[in-house]
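Encoded as structure tokens, the structure appears first; notes follow it.
Sequential numbering from 1 along the given sequence is applied to the chain's residues. In what follows, every heavy atom counts, from backbone to side chain, and hydrogens, waters and symmetry copies are set aside. Here the structure is a predicted model, which is why all the values come from computation and not from measurement.
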Amino acid sequence: SEHQHADRPEPFPIYLGYAYSTDRGQTWEVDYTRPALAPQLADKPEDLYITNASGQRVVNYANGCLEDPRLNWLDGKLYLSAACRLFPPGPYWDHDDPLQCAPTWAKSADEPFGRAARENLTVTVLYEVHPDRLVVGDYDHAFSYLGPLADPQRGDNRDAFLFPERLRIDGQLKYACIHRPREGHNYDDGPAGRPPSIYLAVADRLEDLASSNAQHIRLAEGVLAWEGNRVGGSAPPLRIDDTRWLLPYHGKQNDTIGYTQSFMILEQDDDGWPRLRHRCGDRMLYVTESWQAPNLFPIPCLFTCGAVHTDDGELIMSYGAADEVAGMAWTRFDSLVQHVMQFNPDGTRA
């Protein structure tokens, strides 16, 4: 492969595996025989395509890696969103250059690859998941590629995932997506150079979320010290009642303090648009244990992508730590909601 050219490091491609738990995350059965979803790892432009669920030949933005998976049930279907790149990012813990394992032509790429190739930026890709095939290990037929959740030409966009229900916005049912663009000024009229913030996109169709047909609002920007570098959604929102949602979210202060996980409550206004009502000012989850601490990856990073509200009121969350290990956390959903409601939208005590 051209990725293993002598003047480039090993690509260290990132795959997704499959595991399941029958005891609420206390123990796990893991399939180590093969990845469940793997990047194609092609180098040549003519090979950077995939057939999507509609039978169209489209750019395969997941060619280089798949990270940060989030699962959503929506309208009776299971969806997976994953943070992807056209080319593997390589050993980013040693040298944070997304292009270090890209082919030479990528830096001057034009349409149809554009910035996705020239910068090897993050593009969040949406798949439909077929759980009946997934649970029996038929991975080759368990995932159907749908396409990006945001337009790569507008810049790097990570931590994007669907609302688990369509929202009635201005009287019309819309698909909704939380996302965290690096260049927020490409989605609103704010200034360039502002730290990444949480945005909401809505559209009539899933495929319109990455198009000019989508509407975008900025839900939240960083206001607390531990949100100074960026703030973004972590896991798909969980319904509290008819109008309110609990949103797990993260902030990064800097490379020394690293990442914090906390929670927001969004409430739908009369027009249906969710708005930030409560922001927990406490650092709820962050690196505290030795096994969570940085090793190869130098930044303290405890990061959740999954949250489940059980029938008996427990909240179960999975998280990654230091980009090397995974952990679990449990709490009572209602108690957490009551705690978050003590805070104003700016994180101060109400």
Side-chain angles (χ1 to χ4, degrees), residues 1-16 35 38-45 47-48 59-69 82-125 148-160 179-186 192-196 228-232 250 252-259 293-303 305 320-325:
S1 169
E2 190 179 344
H3 281 305
Q4 296 171 330
H5 196 274
D7 62 353
R8 277 183 274 165
E10 289 291 327
F12 294 98
I14 301 166
Y15 303 79
L16 298 185
Q40 183 172 305
L41 302 178
D43 274 334
K44 298 178 180 178
D47 295 331
L48 298 180
V59 176
N60 181 10
Y61 292 108
N63 177 71
C65 70
L66 299 114
E67 304 176 75
D68 299 349
C84 302
R85 297 179 191 265
L86 270 180
F87 311 107
Y92 55 88
W93 50 89
D94 284 334
H95 182 53
D96 190 12
D97 175 10
L99 288 168
Q100 62 184 319
C101 293
T104 55
W105 62 264
K107 295 181 181 181
S108 58
D110 205 344
E111 297 297 337
F113 308 113
R115 294 185 65 183
R118 292 197 303 270
E119 302 170 37
N120 199 26
L121 46 72
T122 304
V123 181
T124 300
V125 168
L149 279 176
D151 180 2
Q153 287 300 100
R154 295 194 189 191
D156 191 283
N157 202 325
R158 205 175 184 94
D159 301 316
H179 62 116
R180 193 200 72 189
R182 183 176 294 173
E183 300 172 31
H185 60 276
N186 285 332
R194 183 178 56 201
N229 178 268
R230 69 191 62 172
V231 60
H250 63 272
K252 180 187 176 186
Q253 182 166 342
N254 51 41
D255 287 355
T256 301
I257 302 299
Y259 288 82
N295 183 23
L296 288 174
F297 185 61
I299 301 170
C301 183
L302 189 154
F303 203 103
C305 289
D323 277 13
E324 292 188 61
V325 295

**OP:** Please assess L121 against R182 for the test side chain to side chain contact (heavy atoms under 4.5 Å, CB included), listing each intermediate value before the final yes or no.
**Re:** CA-CA 10 Å; L121 46 72; R182 183 176 294 173; 6.0 Å; no
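- Results of the ring pair (Phe, Tyr, Trp, His ring centres under 6.0 Å) test with F12 over Y92, F87, W93 single out W93 as the only residue that passes.
- Minimum heavy-atom separation, C301 to F297: CB-CE2, 3.9 Å.
- For the side-chain contact (heavy atoms from CB on, under 4.5 Å) test, residues two or more places apart in sequence or in another chain that qualify with Y15 are P13, P35, A38, P39, L41.
- Every residue meeting the side-chain hydrogen bond (donor to acceptor under 3.5 Å, both in side chains) condition with Y259, not counting sequence neighbours, appears here in chain and number order: R230.
- The main-chain N or O of D43 is found under 3.5 Å from a side-chain atom of W105 such that the two form a donor-acceptor pair.
- Heavy atoms only, all atoms of each residue included: A160 and T124 are closest at O-CG2, 3.5 Å.
- In this structure N120 satisfies the side-chain hydrogen bond (donor to acceptor under 3.5 Å, both in side chains) test with no other residue, sequence neighbours excluded.
- Remark: P195 engages no residue in a side-chain contact (heavy atoms from CB on, under 4.5 Å) (not counting sequence neighbours).
- Between C101 and P89 the shortest side-chain heavy-atom distance does not fall below 4.5 Å.
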Subject >> side chain to side chain contact (heavy atoms under 4.5 Å, CB included) evaluation trace for R85 with V123 >> reply: CA-CA 6 Å; R85 297 179 191 265; V123 181; over 6 Å; no
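- For the side-chain contact (heavy atoms from CB on, under 4.5 Å) test, residues two or more places apart in sequence or in another chain that qualify with P181 are N157, H179, Y187, Y199.
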Original post:
Would V59 and L86 satisfy side chain to side chain contact (heavy atoms under 4.5 Å, CB included), going step by step from the backbone distance to the final call?
Top reply: CA-CA 9 Å; V59 176; L86 270 180; 4.2 Å; yes
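- Nearest heavy atom pair, residue N254 against residue T256, reads OD1-N, 2.9 Å.
- Between the side chain of Q40 and the main chain of D47, a donor-acceptor pair closer than 3.5 Å is present.
- In this structure, D323 has no salt bridge (charged side-chain N to carboxylate O under 4.0 Å, His left out) partners at least two apart in sequence or on a different chain.
- With sequence neighbours left out, D96 forms a side-chain hydrogen bond (donor to acceptor under 3.5 Å, both in side chains) with no residue at all.
- Take D68 and apply the salt bridge (charged side-chain N to carboxylate O under 4.0 Å, His left out) test, not counting sequence neighbours, and it matches R158.
- Under the side-chain hydrogen bond (donor to acceptor under 3.5 Å, both in side chains) criterion, Q100 pairs with no residue, sequence neighbours left out.
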Subject >> Worked check of side chain to side chain contact (heavy atoms under 4.5 Å, CB included) between I299 and K252 >> reply: CA-CA 10 Å; I299 301 170; K252 180 187 176 186; 3.9 Å; yes
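- In this structure, the side chains of E67 and T122 stay at 4.5 Å or more apart for every pair of heavy atoms.
- Listed by first and then second residue, the salt bridge (charged side-chain N to carboxylate O under 4.0 Å, His left out) pairs involving residues 101-113 amount to none (not counting sequence neighbours).
- Across all their heavy atoms, P88 and P11 have their closest contact at CB-O, 3.4 Å.
- Applying the side-chain contact (heavy atoms from CB on, under 4.5 Å) test to N295 and every residue at least two apart in sequence or in another chain returns E324.
- Note that the OG1 atom of T104 and the CZ atom of R8 stand 7.0 Å from one another [nearest 0.5 Å].
- Residue R118 qualifies as enclosed at atom CZ: its count of foreign heavy atoms under 6.0 Å is above 12.
- For the atom pair CG of N63 and SG of C84, the computed distance is 10.0 Å after rounding to the nearest 0.5 Å.
- For E183, the salt bridge (charged side-chain N to carboxylate O under 4.0 Å, His left out) partners are R115, not counting sequence neighbours.
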